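In what follows, chains carry the letters A, B, and so on, assigned in the order in which the sequence lines appear, proteins first and then strands, with residues in each chain numbered from 1. The model shown is predicted, which means the values in this text are computed figures rather than measured ones.
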Protein chains: 2
Amino acid sequence: MTILAEPPPHTDTLAHNHQQCVDDALKIADQLCTERGVQLTAIRQQVLALIWESHKAVKAYELLDRIKPLQAAAKPATIYRALDFLLAQGLIHRVESLNAFVGCSCSGHQHEQLLLICKQCEQVEERMAAGVMQVLAEEFRQAGFSAHSKAIEVHGLCRRCSQL
Amino acid sequence: MTILAEPPPHTDTLAHNHQQCVDDALKIADQLCTERGVQLTAIRQQVLALIWESHKAVKAYELLDRIKPLQAAAKPATIYRALDFLLAQGLIHRVESLNAFVGCSCSGHQHEQLLLICKQCEQVEERMAAGVMQVLAEEFRQAGFSAHSKAIEVHGLCRRCSQL
DNA sequence: TTGTGGATGTTATAATATAACTGATGGCAC
DNA sequence: GTGCCATCAGTTATATTATAACATCCACAA
Ligand SMILES: [Zn+2]
Ligand SMILES: [Zn+2]
Ligand SMILES: [Zn+2]
Ligand SMILES: [Zn+2]
């Protein structure tokens, strides 16, 4: 269980205490994997930690570059396998419109999420948006469609960037 | 202005008269481009017609293969340029979660759309879903987020495929 | 004529993702 | 212990998706 030691250079440190975000995410991941009897191996944890270096969505090959100091042998498959695992466990989300990945900020409970993606600062805000999901469900019902998975992604300017 | 002559082999002919879909789409595209003073060139129209061969989302390289009988010199850039044009004119939509493209069934009026994507028959149904958009807008407002573009895509089973 | 802008041709390469096979580890039945 | 199995990771190769950069062509206008 190796965790990155240094304050990561990629973090866009905002007003909030981001280290707390990282610590929480790793702790929850650990708990959850134990409960489920699946293995949060060193590589998987490192990838998760790298994704959590900021609230930006991260590309697979960016992760590959960043993990190399820790895993010299890393290849694309190394990353994609870890991503598959983390996605399956609901610990990260795939941002379809960016071909990128972001940490799940409500890990532990299954949920559908709305992703608000800032064009300026690139941070991704995840919202449960229960109201949206409910209205969506009504829309499916009318269409006779049974939903299995959803990608609800909105690009624009976040509050901070709108105010600049 | 060459239009495909043969009934296309890719079309998943349903109960509806799909030739009507195609004819309408091409006619509207033609009108719209004229109004806007942009050129719906032969290549662009052929790509649009190929996309409309069915209600499935089509991949760029699939289009490249299919256009070669008509445009022997076609290369990736040929297709991507046509797609860029058609996207800019709102004549097609990009399906982010599939890296694929589908004809817009409400061409002419700007709109945001919900895409219902069937895992079984692969057809994509486009819905205006005004109610969903309204609730979404309320969600942004609360988050202080100003939206520029949206990708709202749901995978599942369409009515027909659910009933099988 | 001579440029100008838009469209396309052409070549090369970047970026994203998966397949397929190999080897290593550790638990567990026998 | 031995053999077996499942899981994970290493490795090589390749498939798929997308863009960059520069050349050419042509219609049209100054
Ligand atoms: Zn944070
Ligand atoms: Zn922002
Ligand atoms: Zn049709
Ligand atoms: Zn279907």
Side-chain angles (χ1 to χ4, degrees), chain A residues 1-2 29-30 33-34 36-48 50-51 56-89 91-102 122 151 153, chain B residues 1-2 29-30 33-34 36-48 50-51 56-89 91-102 122 151 153:
Chain A
M1 288 291 198
T2 319
D30 212 16
C33 290
T34 302
R36 294 175 183 168
V38 295
Q39 304 176 47
L40 186 61
T41 62
I43 289 178
R44 290 166 177 176
Q45 198 187 29
Q46 284 161 1
V47 170
L48 184 58
L50 287 169
I51 288 173
K56 297 182 186 179
V58 196
K59 306 230 154 211
Y61 279 74
E62 217 174 309
L63 291 169
L64 180 53
D65 289 342
R66 291 202 213 151
I67 210 176
K68 277 186 174 155
L70 301 169
Q71 298 286 341
K75 299 274 184 311
T78 313
I79 298 299
Y80 282 104
R81 282 169 183 158
L83 291 171
D84 285 347
F85 172 86
L86 296 170
L87 287 167
Q89 297 304 320
L91 297 170
I92 62 173
H93 298 299
R94 184 179 158 84
V95 185
E96 299 289 353
S97 52
L98 294 177
N99 295 331
F101 304 85
V102 71
E122 298 176 37
E153 304 176 3
Chain B
M1 286 290 197
T2 318
D30 211 18
C33 289
T34 303
R36 294 174 182 168
V38 295
Q39 305 175 48
L40 186 61
T41 62
I43 290 179
R44 290 166 177 176
Q45 198 187 27
Q46 284 161 0
V47 170
L48 183 59
L50 288 170
I51 289 173
K56 298 182 186 179
V58 196
K59 306 229 156 214
Y61 279 74
E62 216 174 309
L63 291 170
L64 180 53
D65 289 340
R66 291 203 212 150
I67 209 176
K68 277 185 176 156
L70 300 169
Q71 298 286 340
K75 299 276 184 311
T78 313
I79 297 298
Y80 281 105
R81 283 171 183 155
L83 291 171
D84 285 347
F85 172 86
L86 295 170
L87 286 167
Q89 297 304 321
L91 297 171
I92 62 175
H93 299 300
R94 183 179 158 84
V95 185
E96 298 289 352
S97 51
L98 295 176
N99 295 331
F101 304 85
V102 70
E122 297 176 38
E153 304 177 2

Original post:
For the side chain of B/Arg44 and the backbone of B/Gln39, is there at least one donor-acceptor N/O pair under 3.5 Å apart?
Top reply: yes
Subject >> Nearest-nucleotide comparison on DNA chain C, the residue closer to the 5′ end among B/Asn99 and B/Gln71 >> reply: B/Gln71
Subject >> Length of the CG-C1' vector between B/Leu98 and C/dT16, whole Å >> reply: 15 Å
Subject >> Euclidean distance, atom CG of residue A/Leu63 to atom P of C/dA15 [Å, nearest integer] >> reply: 15 Å
Original post:
Hey, are the side chains of B/Gln71 and B/Ile43 touching, using non-hydrogen atoms and a 4.5 Å cut-off?
Top reply: yes
**OP:** Would you mind telling me which of C/dT8, C/dG9, C/dA17 lies closest to the side-chain atoms of B/Arg44?
**Re:** C/dT8
Subject >> Of B/Pro76 and B/Ala82, the one whose closest DNA chain C nucleotide lies more 5' >> reply: B/Ala82
Original post:
Under 3.5 Å, side chain of A/Glu96 to main-chain N/O of A/Ala151, donor-acceptor pair present?
Top reply: no
Subject >> Phosphate contact (C/dG6 OP1 or OP2) by B/Gln39 side-chain N/O below 4.0 Å >> reply: no
Original post:
Contact boundaries of DNA chain D with chain B (under 4.0 Å, heavy atoms), 5' to 3'?
Top reply: D/dT17 to D/dA21
Subject >> Nearest atoms (heavy-atom pairs only) where A/Val47 meets A/Ile79 >> reply: CG2-CD1, 4.2 Å
Subject >> Interatomic distance where CG belongs to A/Leu64 and P belongs to C/dT16 [whole Å] >> reply: 11 Å
Subject >> Distance below 4.0 Å between A/Lys59 side-chain N/O and C/dT16 OP1 or OP2 >> reply: yes
Original post:
Distance-only, no hydrogens or angles: does the B/Arg36 side chain make a donor-acceptor pair with backbone N or O of B/Gln89 under 3.5 Å?
Top reply: yes
Between protein and nucleotides 19-26 of chain C, what N or O pairs are separated by less than 3.5 Å?
residue	atom	partner	partner atom	Å
C/dA20	N6	A/Arg81	NH2	3.3

Original post:
Can you tell if the side chain of B/Thr41 reaches within under 4.5 Å of the side chain of B/Phe85, non-hydrogen atoms only?
Top reply: no
**OP:** Specify the separation, in whole Å, of atom CG of A/Asp84 and atom P of C/dA17.
**Re:** 10 Å
Original post:
Do A/Lys59 side-chain atoms and A/Leu98 backbone N/O form a donor-acceptor pair below 3.5 Å?
Top reply: yes
Original post:
Is there side-chain contact between B/Leu91 and B/Ile51, with heavy atoms separated by less than 4.5 Å?
Top reply: no
Original post:
Looking at A/Tyr80, does any N or O in its side chain come under 4.0 Å of the phosphate oxygens OP1/OP2 on C/dA17?
Top reply: yes
**OP:** Please report, rounded to the nearest Å, how far the P atom of C/dA7 is from the CD atom of B/Gln45.
**Re:** 15 Å
Subject >> Test item: B/Val95 and B/Phe101 side chains (from C-beta on) under 4.5 Å apart, heavy atoms >> reply: no
Original post:
Would you say the base of C/dA17 and the side-chain of A/Tyr61 have a donor-acceptor pair closer than 3.5 Å?
Top reply: yes
